[in-house]
Amino acid sequence: MATPQIDNLNVVPFVSVDNMMKLVLTIGVETVICGIAEQIESDFKRWESFDKTARIASHSKEGVIELMPTSDGEVYGFKYVNGHPKNTKEGLQTVTAFGLLADVDTGYPVLLSEMTILTALRTAAMSAVAAKYLAPKGAKVMAMIGNGAQCEFQALAFKTICGIDTVRLFDIDPVATDKAVLNLQKSGLTVIRTHSHQECVTGADIITTCTADKQYATILTDNMVGSGVHINAIGGDCPGKTELHKDILLRSDVFVEFPPQTRVEGEIQQLDEDHPVTELWKVINGDENGRTSEQQITLFDSVGFAIEDFSALRYLLNAIKGSNFYDELDMIADPDEPRDLFGMVQRAKANL
Ligand code: NAD
């Protein structure tokens, strides 16, 4: 696959938060999510052409900082991302991110971007792609537990890709739910505010758990999950950070991104190392079954994998071509004679 290039190799297109917002508003949130979802599906279909490695995580008492690299042999990408559940109390985001694409042939970067917004878009796109294959047919109602930064993106992705028409919201912090109710007012979804985890999941075809807490939490207990439901579990994405009671996992068919990463970070860290799971890319390319019966409980044990970020960055690189939604960063030294780096520095004295 050819590397999408923006003309001058010595300047790197940079998408700031400001430009990302302008781009998303110009194209439309739902259209962007659909575009990223298409790119994810097409990249998952060629899963075997990627270098894959579990992300490199640096854990601390309060959070984690992770690097997520991958390459398809022509384009290399990585994301830097953190996860600090205590941050919102200090007025900071739980998750922030930025990422880069580079041309494998030269090693030169071809895109640098903010990825806090892009991660929310790609996580929503990924969740909805998984649900396309796993959710019960005709699913209309989604329960959304955890109404933080990811919440509205998730709701819109499930509306536009999976056809839900109702979202039931719950968060232990009512202020988060107030915000989500307001933001989803004109979304075309029926938005129902609920007052407990149990009330939230009542009547839902799809349950999304998207909470942030650095502990083995029990957002869902076994009795809350009826047969036929699809669970989209996003918030359990670190060692020691889960959302579902173990018994739910034992009743579900579990679908994952990259098993070596999910077994350490996902809900299935609670299970034996050899507990059977299905890799989602095999479902997408038709090698394995997704949902096979109406009674089946399907669980997408989402942790977020590097190929999804690669897909999102590739979508972005195409989207900014011919637009004003990026700046050019002077990030690559460009001496007239490639080996005369020192001379280039010396000659710059004249311009001081
Ligand atoms: P956030 O901090 O903005 O929101 C989390 C919300 O969860 C908060 O409003 C909080 O009040 C609520 N919450 C905490 N405990 C709860 C409980 N017991 N019941 C109900 N609500 C509860 O975080 P965010 O950016 O929305 O991210 C949510 C989670 O998703 C984080 O854990 C993050 O690490 C994870 N995440 C996963 C992926 C992925 O690809 N799987 C991608 C992005 C974020």
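In each ligand, atom 1 is the first atom listed, and ligand 1 is the first ligand listed. Every value quoted in this text rests on a predicted model; they were computed, and no experiment measured them.
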Steps toward side chain to side chain contact (heavy atoms under 4.5 Å, CB included) verdict (Q150, I234): CA-CA 10 Å; Q150 313 300 317; I234 302 169; 5.5 Å; no
Non-hydrogen atoms of [X] versus ligand 1: any pair closer than 4.0 Å?
X	result
C210	yes
V303	yes
Q93	no
M126	no

Which ligand 1 atoms does [X] reach within 4.0 Å, using its non-hydrogen atoms?
X	result
D173	11 (O)
I145	20 (C)
T123	38 (C), 39 (C), 40 (O), 42 (C), 43 (C)
H197	17 (C), 18 (N), 19 (N), 20 (C)

Which segment of A176 sits under 4.0 Å of ligand 1 when only heavy atoms are counted: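 Within the 4.0 Å criterion, A176 contacts ligand 1 through side-chain atoms alone.
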Region of E152 that comes within reach of ligand 1 [heavy atoms, distance under 4.0 Å]: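 The answer is neither.
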Using a plain distance cutoff, I'd like to know if [X] has any nitrogen or oxygen under 3.5 Å from a nitrogen or oxygen of ligand 1.
X	answer
T211	yes
N147	no
I234	yes
E308	no
T88	no

[atom] [closest protein heavy-atom partner, distance rounded to 0.1 Å]:
atom	value
atom 18 (N) of ligand 1	I219 CD1, 3.1 Å
atom 32 (O) of ligand 1	K241 NZ, 2.7 Å
atom 4 (O) of ligand 1	G148 CA, 3.2 Å
atom 14 (C) of ligand 1	A212 O, 3.6 Å
atom 15 (N) of ligand 1	I172 CD1, 3.5 Å
atom 9 (O) of ligand 1	D171 OD2, 2.6 Å
atom 1 (P) of ligand 1	T94 OG1, 3.6 Å
atom 3 (O) of ligand 1	A149 N, 2.9 Å

Do [X] and [Y] have side-chain N/O donor and acceptor atoms under 3.5 Å apart?
X	Y	result
T96	N82	yes
Q154	N232	yes
T298	H230	yes

V15-I117 co-clustered via ILVMFWY side chain contacts under 4.5 Å: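 In one cluster: yes.
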Same apolar cluster (I L V M F W Y, side chains within < 4.5 Å links), Y108/V104: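 Linked, Y108 and V104 end up in one cluster.
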Aromatic ring proximity Y133/F255, centre distance under 6.0 Å: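 Between Y133 and F255, the centre distance exceeds or equals 6.0 Å.
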F305/W281 aromatic ring centres below 6.0 Å: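 That pair fails the under 6.0 Å test.
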Verdict with reasoning, M126 to I36, per side chain to side chain contact (heavy atoms under 4.5 Å, CB included): CA-CA 8 Å; M126 181 70 247; I36 295 173; over 6 Å; no
Below 4.5 Å, heavy atoms only, C-beta onward: do [X] and [Y] meet side chain to side chain?
X	Y	result
N87	E62	no
T123	E308	no
L313	L317	no

Nearest option to atom 36 (N) of ligand 1, as decided by whichever heavy atom of V95, V81, D237 sits closest: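 Among V95, V81, D237, the closest heavy atom to atom 36 (N) of ligand 1 belongs to D237.
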Closest candidate by heavy atom, reference atom 27 (O) of ligand 1, pool Q154, K89, Q150, K179: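 Looking at heavy atoms only, the winner is Q150.
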Full working for side chain to side chain contact (heavy atoms under 4.5 Å, CB included) between D43 and F50: CA-CA 9 Å; D43 286 336; F50 284 91; 4.0 Å; yes
Derivation and outcome, side chain to side chain contact (heavy atoms under 4.5 Å, CB included), residues D237 and K241: CA-CA 6 Å; D237 58 358; K241 177 168 174 267; 2.5 Å; yes
Check against salt bridge (Lys or Arg N to Asp or Glu O under 4.0 Å), R55 and D309: CA-CA 12 Å; R55 62 187 159 202; D309 299 306; over 6 Å; no
